[in-house]
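Numbering of ligands and ligand atoms starts at 1, following listing order. Keep in mind it's a predicted model, so treat the numbers as computed, not measured.
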Amino acid sequence: MKIYLNGELVDKSKAKVSVFDHGYLYGDGVFEGIRSYNKLVFKLKEHIDRLYESAHSIMIDIPLTKNQMEEAIIRTIKANKLKDAYIRVIVSRGEGDLGLDPRKCKGNHTIVIIADKISLFPNKLYKEGMEIITVPTVRNLCEAVNPQIKSLNYLNNVLAKVEAINSGHQEGLMLDHLGYVAECTGENIFVVKQGELFTPPQCMGTLRGITRDTVLDISKKLKIPAHEHVLTRHEFYISDESFLTGTAAEIVPVVRVDGRKIGTGRPGKITKRIMEEFQKITKTDGVKYKI
Ligand code: PXG
């Protein structure tokens, strides 16, 4: 496997970064997770835009233009000859010294791009639906580390994932500090009630997910009314259907939350229709490459 490391494609065994990199010392950096389907990189522009927004917010000046970043991503996928890929782009503050001061890193950002295959959850869950549980760890406050920043410090999400796994679940439902539904550890949440879609607004400790935006576009196309609205757990429990969205997870039906059955306890009609449309879009939309 070839990894892009600061402009060079190197073997996986040689893809090493310094222990003084502030990405490693402090989680000081940003990342994106992107997918390609059948030689089409899905929503590449949106992912690159969000990467640069995250970097801007934490004052990292990425030393590549967006076009150069796009070329670097495509080059890495092609080097690995992947028709379908999961691409991780990482930009860290770079090598510095001990101590938080980012000025010590002298602008030598480390850029790593990995292209590989992943399947986040077992196939069975996509067909039969997932059971999730509310976890004790509260989603980061917007005023502290804003969840819009896809930073290398994912401990908030990792803790929630550990709690979900420890209670025998694949995913954990994270609430914001007021107790409203925020998102799962790496996915946004949708519920369906009386034929309409609801998802928490991005100010509720929720990442503005690119798959979430895609589902909102699909709902317009399918003429399913959709609302960005605060959700309580009660509203989640009494919904007719629910599903999670994310680049890595794609669309996963949720059929049980905190021991309560959602709707019939099977993936719902609207969920299945949206999953179908999502699969169609990923096969036809995207930035094309040749291998
Ligand atoms: N919420 C959070 C907290 C995320 O990290 C999403 C929602 C979904 O966003 P997109 O744009 O992908 O639709 C994410 C992103 C993984 C993994 O390996 C998943 C994500 C990020 C990093 C790692 O499971 N999902």
Side-chain angles (χ1 to χ4, degrees), residues 23 27 29-37 41-54 57 73 85-92 112-122 125-126 130 132 135 137-142 144-165 169-176 181-190 199-219 228 231 242-252 254 274-275 278-279 281-282 285-286:
V30 293
F31 78 101
E32 272 298 319
I34 310 170
R35 264 189 197 271
S36 77
Y37 297 89
V41 190
F42 190 60
K43 302 281 179 194
L44 181 55
K45 183 182 179 303
E46 287 80 353
H47 282 286
I48 292 177
D49 283 347
R50 191 171 64 184
L51 179 75
Y52 280 70
E53 283 174 5
S54 293
S57 188
I73 292 168
Y86 180 72
I87 305 115
R88 178 63 57 96
V89 184
I90 304 140
V91 182
S92 72
V112 177
I113 305 170
I114 309 163
D116 202 358
K117 289 194 169 195
I118 57 156
S119 165
L120 200 62
F121 299 119
L125 285 179
Y126 291 87
M130 182 188 278
I132 65 172
V135 291
T137 294
V138 165
R139 191 74 177 103
N140 276 338
L141 275 178
C142 295
V145 182
N146 195 314
Q148 301 307 330
I149 303 167
K150 277 188 74 79
S151 87
L152 295 182
N153 186 333
Y154 245 46
L155 200 49
N156 185 227
N157 312 59
V158 171
L159 288 177
K161 187 81 175 184
V162 166
E163 288 159 357
I165 291 166
H169 294 77
Q170 294 264 6
E171 258 308 338
L173 167 62
M174 299 186 80
L175 307 178
D176 71 0
V181 170
E183 58 184 340
C184 283
T185 66
E187 299 87 24
N188 292 111
I189 294 172
F190 281 83
T199 191
Q202 68 179 72
C203 62
M204 303 309 287
T206 306
L207 177 75
R208 182 168 167 203
I210 289 164
T211 321
R212 173 185 180 276
D213 278 351
T214 306
V215 166
L216 291 172
D217 288 343
I218 290 173
S219 72
E228 295 182 64
L231 282 176
S242 170
F243 58 89
L244 309 181
T245 65
T247 300
E250 303 174 297
I251 301 180
V252 198
V254 173
I274 288 171
M275 287 171 81
F278 180 76
Q279 275 174 9
I281 291 176
T282 55
D285 282 17

Could you establish whether Ile118 and ligand 1 come within less than 4.0 Å of each other, counting only heavy atoms on the residue side? no

side-chain contact (heavy atoms from CB on, under 4.5 Å) between Leu51 and Val91: does it pass, once the steps are laid out? CA-CA 9 Å; Leu51 179 75; Val91 182; 4.3 Å; yes

Atoms in ligand 1 flagged as close to Thr185, the criterion being non-hydrogen separation under 4.0 Å: 3 (C)

Using heavy atoms and a 4.0 Å limit, tell me yes or no: is Glu46 in contact with ligand 1? no

Thr245 N/O under 3.5 Å from ligand 1 N/O: no

Side chain, backbone, both or neither: which applies to Arg50 and ligand 1 if a contact is any heavy-atom pair less than 4.0 Å apart? side chain

May I ask you to decide if Ile189's main-chain N or O and Thr199's side chain share a donor-acceptor pair within less than 3.5 Å? yes

What do we get for Arg139 next to ligand 1 when only non-hydrogen atoms under 4.0 Å count, side chain, backbone, both or neither? side chain

Paired with Glu32, the salt bridge (Lys or Arg N to Asp or Glu O under 4.0 Å) test is passed by just one of Arg50, Lys45, Arg88, namely Arg50

Return the orientation label for the Phe121 and Tyr126 ring planes: parallel under 30°, perpendicular over 60°, tilted otherwise. tilted

Tell me whether Tyr154 has any N or O atom under 3.5 angstrom from an N or O of ligand 1. yes

Please name all residues satisfying salt bridge (charged side-chain N to carboxylate O under 4.0 Å, His left out) with Glu171, sequence neighbours left out, ordered by chain then number. Lys161

Set of side chain to side chain donor-acceptor pair (under 3.5 Å) partners for Lys43, sequence neighbours left out: none

In ligand 1, the atoms that come under 4.0 Å of a heavy atom of Leu120 are 24 (O)

Where on Leu207 is there a heavy atom closer than 4.0 Å to ligand 1, on the side chain, on the backbone, on both, or on neither? side chain

If we ignore hydrogens and angles and just use 3.5 Å, is the side chain of Glu163 paired with the main-chain N or O of Thr137 as donor and acceptor? yes

Can you find a non-hydrogen atom of Lys43 under 4.0 Å from ligand 1? no

Quick check: Thr211 and ligand 1, any N/O pair under 3.5 Å apart? yes

Quick note on ligand 1: atoms under 4.0 Å from a heavy atom of Gly246 include exactly 8 (C), 12 (O), 13 (O)

Are the side chain of Thr206 and the backbone of Ala182 linked by a donor-acceptor contact shorter than 3.5 Å? yes

Give a yes or no answer on whether the side chain of Thr282 reaches the backbone of Gln279 with a donor-acceptor pair at less than 3.5 Å. yes

Rounded distance [0.5 Å steps], CG in Leu216 versus CG in Asn188: 9.0 Å

Can you tell me which portion of Glu32 lies within the under-4.0 Å heavy-atom range of ligand 1? Options are side chain, backbone, both, or neither. neither

Check this for me - ligand 1, Thr247, N or O atoms closer than 3.5 angstrom, yes or no? yes

Below 4.0 Å, non-hydrogen atoms only: which portion of Asn157 touches ligand 1? Side chain, backbone, both or neither. side chain

Side chain, backbone, both or neither: which part of Thr206 has a heavy atom under 4.0 Å from ligand 1? neither

At what distance is the nearest protein heavy atom to atom 1 (N) of ligand 1, and which residue and atom is it? Glu183 OE1, 2.6 Å

Please confirm whether the backbone N or O of Leu207 pairs with a side-chain atom of Glu183, one donor and one acceptor, at under 3.5 Å? yes

Of Gly209, Gly186, Cys184, the one whose closest heavy atom lies nearest atom 6 (C) of ligand 1 is Gly186

Please state which protein non-hydrogen atom is closest to atom 11 (O) of ligand 1 and give its distance, to 0.1 Å? Ile210 N, 2.7 Å

Looking only at protein heavy atoms, which one is nearest to atom 22 (C) of ligand 1, and what is the separation? Phe31 CE1, 3.2 Å

Taking the side chain from Ser57 and the backbone from Glu53, do they hold a donor-acceptor pair closer than 3.5 Å? no

